[in-house]
Amino acid sequence: MKAKLILSAIFVSIALNFTIASACEIEVTVKGENAAIYNPGQVVVLQVKVFLTHKDCPEGIKSTKMNPTGMTLLGATKWKQISELEFIRLVQAKIDSSVTEAILNVGRSCDKEGGIGKILLKVGQGS
């Protein structure tokens, strides 16, 4: 009896994992050539790609938040829809001085899990 109960619990757990949709997928990459080390004051173009895993997401793409640390955002393009559920945006950022790393966190919050993506750039002393 105990074995049947444990086995039932395992099957229910597996079934729930298949029915619960994952969060939005957010990918942040360097547009163009990626460097191992970036310099303070250097301007970098980042590409943010968001794939909405829920067709009926209650939050629009404009609700995507960007939180920089060690970098200053200089500007960004408008979101461009590249497929039914996929959007991209280019972001221009300047690496701050006196930092060893620059991070851009990108997030979405909603009642269907939201999503988080980030990029970490190593920063050197400059030349």
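Worth knowing before you read on, the calculation uses all heavy atoms, side chains too, and leaves out hydrogens, waters and symmetry mates.
Both Leu73 and Ile61 sit in one connected hydrophobic cluster of ILVMFWY residues. Membership requires side-chain heavy atoms under 4.5 Å apart, directly or through other members.
Residues Val30 and Val45 have side chains not in contact (no heavy-atom distance under 4.5 Å, counting atoms from C-beta outward). With a 4.5 Å cut-off on side-chain heavy atoms, Ile26 and Ile116 do not count as touching.
Considering all non-hydrogen atoms of both residues, Ala102 and Val123 come closest at N-CG2, 3.9 Å. Scanning both residues, Met66 and Pro68, for their nearest heavy atoms gives O-CD, 3.7 Å.
Panel note: side chain Arg108, backbone Glu59; a donor-acceptor pair is recorded below 3.5 Å.
Taking a 4.5 Å side-chain heavy-atom cut-off between Ile, Leu, Val, Met, Phe, Trp and Tyr, the cluster of Leu120 extends to Ile103.
For Asn34, the side-chain hydrogen bond (donor to acceptor under 3.5 Å, both in side chains) criterion is met by Tyr38, not counting sequence neighbours. Ser109 pairs by the side chain to side chain contact (heavy atoms under 4.5 Å, CB included) definition with nothing, not counting sequence neighbours.
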Can you give me every donor-acceptor pair (side chain of residues 87-100, partner residue at least two apart or in another chain, under 3.5 Å) with its distance?
from: Arg89; atom 1: NE; to: Thr77; atom 2: O; distance (Å): 2.6
from: Asp96; atom 1: OD1; to: Thr72; atom 2: OG1; distance (Å): 2.9
from: Asp96; atom 1: OD2; to: Met71; atom 2: N; distance (Å): 3.2

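For the atom pair OG1 of Thr53 and CG of Leu85, the computed distance is 8.5 Å after rounding to the nearest 0.5 Å.
Test Val28, Val48, Val106 against Ile119 for side chain to side chain contact (heavy atoms under 4.5 Å, CB included) and you get one pass: Val28.
Applying the salt bridge (charged side-chain N to carboxylate O under 4.0 Å, His left out) rule to pairs touching residues 26-39 yields nothing, sequence neighbours excluded. For residues 65-88, every residue pair satisfying the salt bridge (charged side-chain N to carboxylate O under 4.0 Å, His left out) rule, not counting sequence neighbours, is listed here: Lys49-Glu86.
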